Amino acid sequence: MARPNKTLRRNLIALSLVAPFTLTFLLVFAWPTFKVIQLSLTDAPLIGDGTWVGLQNYRELLDDRIFWVALKNNGYFLVLTIVPTTVLALLIALAVNRLRGWMQPFILAIFFLPYILPVSVVTLVWQWMLDFQFGVLQPMIEAIFGKRTAVFRDPTWVMPVIALVTIWWTNGFNVLLFLAGLRNIPTELYEAAALDGATPRQRFWRVTWPLLWPVTALVLTLQLILQLKLFDQVYLLSQGGPFNTSQVLLLLVYNEAFQQNNGGYASAIAMVLFVIILVVSVMQFQLLRIGRHR
Amino acid sequence: MGVSLKNVKKSFGAVDVIHDVSIEIPKGDFAVFVGPSGCGKSTLLRMIAGLEETSGGRIEIDGKDVTDEEPADRGVAMVFQNYALYPHLTVYDNMAFSLRLAKAKKEEIREKVAEAARILQLTEHLAKRPAKLSGGQRQRVAIGRAIVRQPSVFLFDEPLSNLDAELRVQMRLELARLHRQIGATMIYVTHDQVEAMTLADDIFVLKDGWVQQAGSPLKLYDDPDNRFVGGFIGSPAMNFFAGEVSGGGGGRMEVRTEVGGKVFTAARRGEVSSGQKVTLGIRPEHLKLSEEGLRAKVDMVEQLGGVSYLHVKLEDGSNVVVERHGLREALEGQTVGLAADPDDILVFDQEGRRLR
Amino acid sequence: MGVSLKNVKKSFGAVDVIHDVSIEIPKGDFAVFVGPSGCGKSTLLRMIAGLEETSGGRIEIDGKDVTDEEPADRGVAMVFQNYALYPHLTVYDNMAFSLRLAKAKKEEIREKVAEAARILQLTEHLAKRPAKLSGGQRQRVAIGRAIVRQPSVFLFDEPLSNLDAELRVQMRLELARLHRQIGATMIYVTHDQVEAMTLADDIFVLKDGWVQQAGSPLKLYDDPDNRFVGGFIGSPAMNFFAGEVSGGGGGRMEVRTEVGGKVFTAARRGEVSSGQKVTLGIRPEHLKLSEEGLRAKVDMVEQLGGVSYLHVKLEDGSNVVVERHGLREALEGQTVGLAADPDDILVFDQEGRRLR
Amino acid sequence: QTEVVWWDFLGGGDGVRMKALIERFNEEHDDIQITGTTLEWGVPFYTKVRTSAAVGEGPDIMTYHLSRVPLALEEGVLSPITDEDLEMAGLSGDDFFDSAVSAASGPDGTLYAVPFDIHSIVLYYNKSYLEGTEFLDEDGNLTGIDSLDDFNRALQHAADNGSTDPLSFQTGGPGGVWRVFYTLLGQQGGEMIVDGEVLPGDNAEKAATALQVMRDWRDAGFIPEQAEYPASVALFTSGQSAFHMNGVWEVPTLVDMEANGTLGFEWGAVQVPVLMDQEATWADSHALAIPNQPAAPMSDEKREAVMTVIGWMSQNSISWASAGHIPAYVPTTESAEYQGMEPNATYASLAQSAFFDPRSEIAGVASPAYDVALNVMVPQIHGFFDTDEALEQIRDELGRALR
Amino acid sequence: MSTTRRIENALLTLLTLVGAAIWFFPLYWAGVTSLRTEDRVVSADAGLLPDQFNLSSISDALFNTRMLTWYWNSVGTSLILTVIVIVSGMMCAYAISQMRFPGRRLLYGIVLASFMIPAQALVVSQFILMFQMGLINTWAGIILPQLIVPVVIIVYKQFFDSVPKEMREAVLLDGGGEYALLFRVYLPLNWGITTALAIVTFIGAWNSFFWPFLVVTTEAKMTIPVGITQVSDAFGVYYARLMSVALLGAMPVAVAYLLFQRRVTEAVMISSGVKG
Ligand SMILES: Nc1ncnc2c1ncn2[C@@H]1O[C@H](COP(=O)(O)OP(=O)(O)OP(=O)(O)O)[C@@H](O)[C@H]1O
Ligand SMILES: Nc1ncnc2c1ncn2[C@@H]1O[C@H](COP(=O)(O)OP(=O)(O)OP(=O)(O)O)[C@@H](O)[C@H]1O
Ligand SMILES: [Mg+2]
Ligand SMILES: [Mg+2]
């Protein structure tokens, strides 16, 4: 039955409730998204006007060696972080989960603490630990690899070490997710499995692991997106060097826009990153939804 | 042989949860543990399953001491209250799980699961995941998982308490049928005494970690050892009247109620002294309305059609329930008299022990 | 005046959930809506509360058309199945909530809440949060929240179904008492027909969005209009036997059962033709065991102590329940005969309508 | 009271001197207060300056490398300084070394920055490694290094005496490598850019030689592997390096440490010896400049205050000289006080041999030339590229940047 | 339990402890370094054990940098940001969850979509926008582009959805409107999740580096994470001081975490949807 007044009033209230978010969204997300697309089709500097150049920036991108290097490095970084961090987090979560009493929160705190540190603290600490001359880890590197290595200046070492620092920094988050996942598995299931004659190993592979799989999928995909957005650590640890072996897309966006003053070209690179992350996110969304509907 | 517990004890830290329980459950028996919440039913069951270590005593299954055995080696299967189905496995795989772990042959697994599914009418659901099943079906899968292992003892921990009333009645019947069909020893925990009454060959009434009485349902109903068992078994619950022995003889005794001062005559076997404080227990169906009986006012009548429950109030405000059949008159507000046959009156002493 | 629904309809999208319901509930009446799950009980109640808009028809409360009023303006209060207490507020604040929203004076709030708390024996719990209360106490707070608003109509949607059996019985009695005490119109939804029977002045039996029959509990029990009501009211449910009219006369008719071919004689008022297919309805308590009766085998006996239910199987495997009192023999596996008095047999035609 | 926002990139020993100068200025001036910010040297500093000037959030005055002026002009980040401005500051163009003034001016002669100092690299040495050798004279001063061979012998000697990294400089970053490379190039008479071409003719060979020298040092273990700036300094101050090639600005660090007694050895500093054919030392100038901020034009009042600051700084640059630099303000260098200053006196002559970065928008601090130093020379020194390969890349990348 | 199981257990625990020790080592080492004098730090014979208790680096870091200003900026911007994000997210989620209005599905679609839009890819145009609004180098400029935290809305919506609808109906019957519903019932009902989201948002805001790094141009407006990297002394040996700066930068959130450990870990679990 139509009750226009009631409906109007309700809609106005709803509008007042959603307005703050919606307006902010339009201003700082929707509009910039539109702008960045537009910018990528011009040769504008960072601040100021440019002229319309159509797809020129994108064509240049295809020829830009550094762009491809950066793209490749982004991929390399994913390989270096995602699976190792997931496996490590799972192991740590399993280890922490079996602790009892005061030990559990205490040990968990140690593994989680790095996650709440600002990235710059993390990089300062690791830079110091890995300092070529005085770094406390250099004797160890020397013992294992025969010689000291300036890890952030070495093309083979730089990405793996940044990955290592990243894992140290962010792994606590994943540990927590796995821990929550483990705690969500009812103890009765383990008791049922014990009655069914499962050994501890079988209990893990046949009960824990499959039941943890949704969390694992979540961790994997969250990491995928997060690590694609890599910038801070690289900027602070190696600035993309040596000779671009740690150059990544977002750093390139920053270099082009803020150092080289090429707003248009930077926007084109940003668009590529944008599309990549969007595609991955959509895939993730579908994946998790399917997982949930199982 | 079945299951036998000898002086079994359990404490969690400093708290004694099970005090010295000795129980014999014959092979093929359907034994039910009942008792109020927290009395230790689940703990006892889990000790039999091997999921809790014992703090003392011996547990034997089919004559073999299993006190220190692993759960899987005891030949027991357990059905949990919340089913504890593996959510990531299909019904078939849930049931096949233990057989696969035991490295049974494919063919054998298929046969056993199919047989269990047939018994439990799950055949058409074998390919589904538990999340797709109704509560009753899940419960059946949980039972099926137990059946395929052909254990010598089935353990059930309140398996029906998550189901709604109607389904519970239906599953109760199915369980009874199942027991008849496979004939294994079953130990069943519940705090629903209708379940206990209808399912059990033997009921063990627990309270605070002690066994209060063990016996067949009707034995417990008709002949409780103490006031607790009398009050616990039966619904609506037994009515109690405090009183004082005022006389007797010839296999009878007379008790004057504290409230109303009316004398009830009860059958007596043992000796009681005059003036002793006792409590009379009379079940609602044994209370009769009679002119001369204990005066009470009908507070409310619950008409269920066939049966009616009269809630009557004594002078001191205490509530007594009387069961009547085919009642169609309106009695509310009237004053009635309560009486009972001597043989239907149970007498308990001040500690709650039955005087026979 | 009370509550009156006139040709009320409700559809969700294309699905008609309530088809043309007209109901009159007198002021001060305790009306109960019963019916199977999904029949539209809650929807009807929520339409009276104003929580669902009507798709057609009029709703009047105390003679005033409230069809388009806001819920808060209808003078109704509702008690929900899950209590819907505000968990972050104390009992006092829960009860005071609506008064505060209505900007009532502090003094007035205090008085009204205190009065409601007194009626419901909640006075000592006023400072507690709901989480600290037992199920029954929570239910009382929910009722208290309704009482303080002094509504002309109380609405209850399965208020007791979250409680355990024992508490349910107790709260049922309290509700009946409360109704007597405050005398307001109450509309109560349940699918537990024991609740319906014991609480109602008038029961409305719903099915698929239609009212099947309305009347007092005993009227519905003794004199159902159709097979559905007969089967729905009463527990254990009425037994039905398909048959064919084989003769009759003199206020009697004879019906030969399809299974077993035994002739039952039922009282008859209306006309029936020989050979007509009918269904006999006999309640468990009216079935008697007799040598000459319909042959059946006792499948299982549920012994509840005072009462026993015999589950007996007819030749075709269908199940019939017989109620017995004080049964102590073991009857399982024996063959018995079933019979009943003519006056205890109801007859329904093929569409399920009662033949009187 | 006018607030003047000041940005610099001066950390370490000279940062302390600059902070002291600013403090003194503030004490002496009631009407003008300087609020100073020190940002990270190099690319971060110049990036921040560029973007913040573009959005009108830049400083009122900042330090700037003269080597970068051509690049700055291309970016348009500097505000021209007129004669009237100089007058306000109580200065004139003649007060400064000509070379510095022309480095601070555009092609049309417009001044864009006020030179503040000239600084170059010097060779620091740790006497304890050289005692009793031919490389130390009776006064304990460095001597006898007249060729690359001499120097290598000295390095070898130090190495034999337990110096882990006989010659330390910033081998892992653009600044240190560029300075040494450019010095070695200059000592061969080479030039980086001629007529808009990168390393034309035999300049390429000379560059290759310079690169190879550093590579050889590395291969011989004379120079530290991938030393970050602070590490390169610490190597020397902690006594692990016999020699240290770095800017004069680290003089105060050593002076301070010696004064505190935390330096465990005696040290000296000399002009970088002739290792190749002729005298030449990389040099650059710090200057004071005003950012060009169209989004937030500067008021006249503010500009006057800024010029007052610049004038005062120049006139008090004797304090700055204690940071090791050679003041660009001629009256200061002519003062008796400066003439007697140690160790500045020992390398005063380098003003003549100063070899400035090429005047080009691809050169200067945080320019493509520095990028190349980081991305090509550093790897080359450490053996990731062959010298030829590196040379090819240098010409390639700088050539592209030039176009 | 058999003895082999016991030994196995003890070994596993030991292994865990060793792992934790390794994990903690970087922070331990930063602590040791910050308490040493600068020359001790670089001296060859300095061992792994803490051997000095020298607070000069720490006081140096605290008082000779603008650390205190950066704290103030970090606290200010993070707090304001958290409050706005939580309140606006809560209001929006409430409307989406509990009310029926035109555009509701579209709006939720947008929220879900914005979950996938990488803000980092928008920095160029956001920077230009902030410039045009004159917000470069202001708190508003730091806060504004970080206000879109769709996960807050998504989590709130999930929680509001799971409030039984009877709760809403009870309030409607009691005479309350939407604002009364939100602020008097739904908000207090969800205090747990509100604090959880606030904690997570706050940590995120406190630690964010990239955007503040771009939008802040002066030391006076820097937040902790930006300040401690931007204003390091490039020239000179200041390892102890650097570690002091690092530790001081980490201190507030780290201390808060250690104090409210359980809340924080729960918050992270809840806001990532693993635990409801
Ligand atoms: N793991 C444990 N640690 C400490 N106390 C426990 C533990 N498990 C059970 N208890 C205590 O032991 C007593 C008996 O618990 P149990 O679960 O056996 O009771 P129950 O009879 O099954 O009750 P319910 O009918 O509520 O299931 C309770 O007081 C309980 O609090
Ligand atoms: N919001 C709705 N949208 C669509 N269909 C609905 C909605 N609410 C109820 N229904 C449908 O209306 C029918 C009646 O529902 P209602 O809740 O009134 O049943 P009920 O009699 O209260 O059942 P129960 O005993 O299970 O509470 C059901 O088929 C239900 O699926
Ligand atoms: Mg239990
Ligand atoms: Mg309902």
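Fair warning: this is a prediction, and the values are worked out from it, not measured in the lab. Chain letters run A, B, ... following the sequence lines, proteins first, then strands; residues in each count from 1.
- For V151(E), the side-chain contact (heavy atoms from CB on, under 4.5 Å) partners are F115(E), V149(E), V155(E), not counting sequence neighbours.
- Rounded to the nearest 0.5 Å, atoms OG1 (T16(E)) and CG (N97(A)) are 11.0 Å apart.
- If you tally non-hydrogen atom pairs under 4.5 Å between each of L248(E), L214(E), I203(E) and chain A, the highest count goes to L214(E).
- Counting heavy-atom pairs under 4.5 Å between each of W206(E), Y94(E), Y179(E) and chain A puts Y179(E) at the top.
- Both the backbone and the side chain of A119(E) come within contact range of chain A, with heavy atoms under 4.5 Å apart.
- Interface check for chain E: of the options L108(A), I92(A), I225(A), D131(A), the most heavy-atom pairs under 4.5 Å are formed by D131(A).
- For I47(A), the part sitting under 4.5 Å from any heavy atom of chain E is the side chain, from C-beta outward, and nothing else.
- With a 4.5 Å cut-off on non-hydrogen atoms, V282(A) touches chain E through its backbone and its side chain both.
- Other residues, nucleotides and ligands place more than 12 heavy atoms under 6.0 Å from the CZ atom of F183(E).
- For V36(A), the parts sitting under 4.5 Å from any heavy atom of chain E are the backbone and the side chain alike.
- Counting heavy atoms from C-beta outward, L113(A) and Y257(E) have side chains that approach closer than 4.5 Å.
- Residue L15(E): no heavy atom, backbone or side chain, is found under 4.5 Å from chain A.
- Interface summary for chain E: among I116(A), L273(A), I277(A), I13(A), the most heavy-atom pairs under 4.5 angstrom belong to I116(A).
- Side-chain contact between N207(E) and L117(A) is absent, with no heavy-atom pair separated by less than 4.5 Å.
- The shortest heavy-atom contact between P102(E) and N11(A) is CD-OD1, 3.4 Å.
- The two atoms that bring L258(E) and A109(A) nearest to each other are CD2-CB, 4.4 Å, heavy atoms only.
- Here the closest heavy-atom approach between residue L124(A) and residue M243(E) is recorded as O-CE, 3.3 Å.
- Ring centroids of F213(E) and F258(A) are separated by 6.0 Å or more, keeping the two rings apart.
- Annotation: side chain of E256(A) is not in contact with side chain of V124(E) (no heavy-atom distance under 4.5 Å).
- No donor-acceptor pair under 3.5 Å is formed between the side chain of Q120(E) and the backbone N or O of L250(A).
- Between L15(A) and F101(E) there is no side-chain heavy-atom pair separated by less than 4.5 Å.
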Audit row: R104(E), V18(A), side chain to side chain contact (heavy atoms under 4.5 Å, CB included) steps and yes/no: CA-CA 10 Å; R104(E) 174 177 156 270; V18(A) 302; over 6 Å; no
Distance-only criterion, 3.5 Å: show the donor-acceptor pairs between side-chain atoms of residues 24-33 of chain E and protein atoms not counting sequence neighbours.
from: Y28(E); atom 1: OH; to: L48(E); atom 2: O; distance (Å): 2.7
from: T33(E); atom 1: OG1; to: W128(A); atom 2: NE1; distance (Å): 2.7
from: T33(E); atom 1: OG1; to: W29(E); atom 2: O; distance (Å): 2.8

Given side chain to side chain contact (heavy atoms under 4.5 Å, CB included), test F231(A) with F209(E) step by step and report yes or no. CA-CA 10 Å; F231(A) 170 86; F209(E) 172 80; 4.2 Å; yes
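- Interface remark: I84(E) contributes no atoms to any contact with chain A (heavy atom separation under 4.5 Å).
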Checking L17(A) against M99(E) for the side chain to side chain contact (heavy atoms under 4.5 Å, CB included) test, could you report, in this order, the C-alpha distance in whole Å, the side-chain angles of both residues, the deciding distance, and whether it holds? CA-CA 10 Å; L17(A) 285 166; M99(E) 298 185 69; 3.8 Å; yes
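- Side-chain atoms of L27(A) and L129(E), non-hydrogen and from C-beta on, do get closer than 4.5 Å to each other.
- With a 4.5 angstrom heavy-atom cutoff, F34(A) does not touch chain E via any of its atoms.
- Interface residue L39(A): only side-chain heavy atoms are found under 4.5 Å from chain E.
- When I153(E), V87(E), V245(E), I224(E) are compared by the number of non-hydrogen pairs under 4.5 Å with chain A, I153(E) comes out ahead.
- If you measure heavy-atom distances from A14(A) to chain E, the contacts under 4.5 Å come from both the backbone and the side chain.
- Proximity to chain E is limited to the side chain of L99(A), based on heavy atoms less than 4.5 angstrom apart.
- Note that CD1 of I110(E) is 7.0 Å distant from CG of L26(A), once rounded to the nearest 0.5 Å.
- Using a 4.5 Å cut-off between heavy atoms, M251(E) does not touch chain A at all.
- For a residue to count as touching a neighbouring chain, one of its non-hydrogen atoms must lie under 4.5 Å from one of that chain's; by this rule I117(E) touches chain A with backbone and side chain alike.
- Taking the side chain as every heavy atom from C-beta outward, F21(A) and V111(E) approach each other to under 4.5 Å.
- The choice from M103(A), K229(A), K35(A) that makes the most heavy-atom pairs within less than 4.5 Å of chain E is K229(A).
- Heavy-atom distances place both the backbone and the side chain of L144(E) under 4.5 Å from chain A.
- Interface residue L88(A): only side-chain heavy atoms are found under 4.5 Å from chain E.
- Both the backbone and the side chain of S16(A) come within contact range of chain E, judged by heavy atoms closer than 4.5 Å.
- For the residue pair S88(E) and P20(A), the shortest heavy atom distance occurs at CB-CB, 3.8 Å.
- Within the 4.5 angstrom heavy-atom criterion, atoms from both the backbone and the side chain of V41(E) approach chain A.
- In this structure, the portions of W23(E) lying under 4.5 Å from any heavy atom of chain A include both its backbone and its side chain.
- Interatomic distance, CZ of R100(E) versus OG1 of T7(A), reported as 14.0 Å (0.5 Å rounding).
- Ranked by heavy-atom pairs shorter than 4.5 Å toward chain E, the options W168(A), F25(A), F274(A), F106(A) are led by W168(A).
- If you tally non-hydrogen atom pairs under 4.5 Å between each of F173(A), F112(A), W126(A), F111(A) and chain E, the highest count goes to F111(A).
- How far CZ of F131(E) is from CG of L46(A): 9.0 Å, rounded to the nearest 0.5 Å.
- Q261(E) and P105(A) make their closest contact through NE2-O, 2.7 Å (heavy atoms, listed as atom of the first residue, atom of the second, distance).
- Here the shortest heavy-atom pairing between P118(A) and G249(E) reads CG-O, 4.0 Å.
- Of the inter-residue distances, the one linking F29(A) atom CZ with L147(E) atom CG reads 10.0 Å to the nearest 0.5 angstrom.
- At least one side-chain heavy atom of T13(E) sits less than 4.5 Å from a side-chain heavy atom of R98(A).
- Of the atoms belonging to M271(A), not a single heavy atom falls under 4.5 Å from chain E.
- Put simply, CG on L179(A) and CE on M269(E) are 5.0 Å apart, with the number rounded to the nearest 0.5 Å.
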